[in-house]
Amino acid sequence: MKVESFINDLQSVPWSLVAPIIILSFILMVIAFIDCFKHGRTNGPQWVWILVIVFINIAGPIAYFIFGRRND
Amino acid sequence: MRLWLILFKKEFKESLRNFKWLWIPLVLILLGIMQPVTSYFLPDILESFGDLPEGAILNFPVPTAAQVLAETIGQFNQIGVLIIVLAFMGIITGERNKGTNVMVLVKPVPFSTYITTKWVHMSLLMISAFLLGFLIALYYTFELIGTVPMSHVFKGMLVYCLWLLFITSILLLFSVLFNSTAAVAALTLGTTITLSLLSSLTPKLMAWSPGMLVSHTFRFFETGSAGDGFWLAAIITAVIIFISLVASTYIFKNKEVVSHTT
Amino acid sequence: MSLILTEALTKTFNGTNAVDQIDLSIKEGVCTALLGPNGAGKTTTLNMLTGLMKKSSGNIIFDKRYSGDRRKYIGYLPQYPKFYSWMTGEEYVIYSGQLGGISKQEAIKKTDDLLAMVGLSDDKRKKIAGYSGGMKQRLGIAQALIHDPKLLILDEPVSALDPIGRREVLELMKTLKKKTSILFSTHVLHDAEEVCEDIFIIKKGKVVVEGNLGELQKKYQKPTIYIETEEPLESWSQSLKDIEWLRHIEADNTKLTITVENIDVAREYILNNTGLRNLNIKSFQVAKTTLEDLFMEVTK
Ligand SMILES: Nc1ncnc2c1ncn2[C@@H]1O[C@H](COP(=O)(O)OP(=O)(O)OP(=O)(O)O)[C@@H](O)[C@H]1O
Ligand SMILES: [Mg+2]
């Protein structure tokens with residue numbers, strides 16, 4: 001019963017509208033992740049930023065670019 | 001002019017390398033998609049809560065296209081501006097605190113060139129990102145909700161860009177005045193929020209204020225024509241932008257490039 | 001004609017004069033050293049010459065032939081150069097050249113030569129973020145030279161370098177001074193003596209000794225005698241105290257250093273002195289004081 005309604009819910013999600021949001025936020029995460037990894041110079045420990053980027057959707061990568069990345 | 005372009009290119013290249021030209025437009029595009037989609041599904045979402053009394057749905061009609069565009073601008077104006085201000089709070093302060101400006105300003109570079117290339121670059125990035133995000137929002141709104149005459153949209157965006165330029169110019173001024181990036185961000189955000197709030201609370205008193213430009217933008221979306229006091233606010237904003245730029249250059253020129261020797 | 005003249009140049013920080021009424025004259029085609037201990041005001045002076053700091057009072061006069069924005073004619077290496085570390089060394093020097101007013105093609109070409117000259121050819125495509133302190137110092141010299149300045153101002157160019165790097169940069173300066181005038185600051189007299197003709201010794205913001213190095217050496221060199229004996233000579237040395245040709249005496253157990261007016265009279269007197277002979281002379285040596293002694297003396 002539960003599973004059925006879950007599948008129903010899934011089907012009712014308008015994927016054509018939501019997909020771009022998911023894809024773009026994923027791209028944002030990947031860019032931030034690769035940059036954090038390669039650039040390597042962060043304010044505070046790098047591994048914390050990696051976690052922030054990967055686990056906090058959209059806001060994580062933004063926070064990394066604004067506060068985490070050392071642009072000098 | 002040749003020198004101006006050289007410094008401008010450096011700003012551009014720097015922001016390509018630190019991904020500002022990638023992530024800021026991307027974030028604005030995300031915002032631009034999310035707002036119309038949320039507006040479109042808001043009635044469904046509210047319905048799915050289920051606890052609402054019968055008939056409550058009727059109180060949440062799908063908004064008009066012009067309203068959705070206005071809401072999008074509203075989002076941009078909060079989250080978008082916050083992000084841009086934080087991303088550029090070190091525009092002058094950053095190089096000054098690191099000392100990287102020394103070997104540039106010891107070369108025959110006019111101080112006005114140093115200042116204006118940074119301002120133009122920041123404004124260009126901000127406006128590009130906002131326009132890109134807004135174009136996406138426009139597409140989604142037209143697809144999901146309805147259309148607004150393009151001429152209305154165009155005029156509204158033009159007015160909104162003036163407000164954005166106002167923000168970048170006071171950001172520049174604060175950045176020249178203060179050495180702390182936190183102070184620069186706080187003052188810029190404080191000024192824009194105060195102006196916006198006062199303008200929406202007492203529109204009569206604040207008719208002159210740059211803060212009115214956002215509501216003028218909404219009005220252009222709705223009607224395509226200027227509301228009362230639009231020209232006053234627009235001209236005053238343009239004058240403030242100009243004065244900020246001149247003052248920034250003047251103050252920058254008269255400040256020590258190097259203030260301590262260690 | 002001086003390339004730069006300063007008249008009573010002064011810089012005041014919170015009421016104290018970091019640079020106090022300094023009169024400098026930097027000649028064209030000459031290497032000039034600004035010598036002084038830490039905190040003497042060297043960096044402050046150079047910053048005022050380049051225009052990075054505003055003077056509190058006094059004048060800076062640049063040769064009339066080089067009118068207009070004086071930054072065009074100056075190449076500057078700060079004491080602690082800070083670069084855009086997202087650029088490569090090569091990009092940075094090209095950028096500096098363009099800022100200095102030369103075309104991109106010319107900048108590219110000269111950058112190649114300059115980076116080879118300072119020994120950075122192998123690393124020029126690396127990000128500056130990965131450069132060591134010594135590499136940055138060399139890069140700093142390259143960026144200062146790229147637009148062919150009339151005057152090269154170097155603030156402690158060798159302080160941050162290891163002995164080999166120091167040697168190389170000093171040799172480099174010797175080559176450079178054939179083409180351009182150099183003004184550099186240092187707290188090591190030896191560096192100044194090696195490459196410079198003119199010197200200004202400053203202390204607490206004031207010039208205490210200035211002039212041509214050769215002339216100063218002649219003027220301040222005094223004959224000195226070093227004596228070593230087997231027996232302690234301190235009590236004997238008391239007997240020299242009142243002799244009129246003696247300028248300075250320093251005794252330490254079996255060792256004695258004296259500075260004298262006239263070396264011949266002094267040698268005659270000392271070698272014939274029976275009191276000293278009885279102490280069994282181990283060595284007797286005649287030399288000359290160096291500027292180092294003067295430097296130590298005036299900056300004490
Ligand atoms: N911003 C400032 N405020 C107050 N005092 C300052 C400031 N900048 C420099 N000073 C003082 O001015 C004096 C001269 O400093 P300066 O850096 O010019 O000396 P310097 O000869 O270059 O020394 P060093 O060999 O350590 O580089 C010092 O006593 C320093 O403490
Ligand atoms: Mg110094």
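To find a chain, count down the sequence lines: A is the first, B the second, and so on, and within it residues start at 1. Since the structure is predicted, the reported quantities are computational estimates derived from the model, not experimental observations.
Rounded to the nearest 0.5 angstrom, A:Ile22 CD1 and B:Leu30 CG are separated by 11.0 Å. Remark: A:Ile21 CD1 to B:Thr38 OG1 distance equals 7.0 Å, nearest 0.5 Å. Annotation: the span from B:Arg17 atom CZ to A:His39 atom NE2 amounts to 12.0 Å, rounded to 0.5 Å.
Aromatic ring orientation, B:Trp23 versus A:Phe65: parallel (interplanar angle below 30°, classes split at 30° and 60°).
With a 4.5 angstrom heavy-atom cutoff, A:Leu24 touches chain B via backbone and side-chain atoms both. Heavy atoms of A:Leu17 lying under 4.5 Å from chain B belong to its backbone as well as its side chain. Heavy-atom distances place the side chain of B:Leu22, and not its backbone, under 4.5 Å from chain A. For a residue to count as touching a neighbouring chain, one of its non-hydrogen atoms must lie under 4.5 Å from one of that chain's; by this rule B:Leu86 touches chain A with backbone and side chain alike. At a 4.5 Å heavy-atom cutoff, the contact between B:Leu144 and chain A is made by side-chain atoms alone.
A pairwise comparison of heavy atoms in B:Ile33 and A:Pro20 identifies CD1-CB, 4.0 Å as the closest pair.
Across B:Ile83, B:Ile136, B:Ile29, B:Ile79, the residue that shares the most heavy-atom pairs under 4.5 angstrom with chain A is B:Ile83.
A 4.5 Å side-chain heavy-atom check between A:Pro61 and B:Phe19 finds every atom pair outside the cut-off. Between A:Ile58 and B:Met34 there is a side-chain heavy-atom pair separated by less than 4.5 Å.
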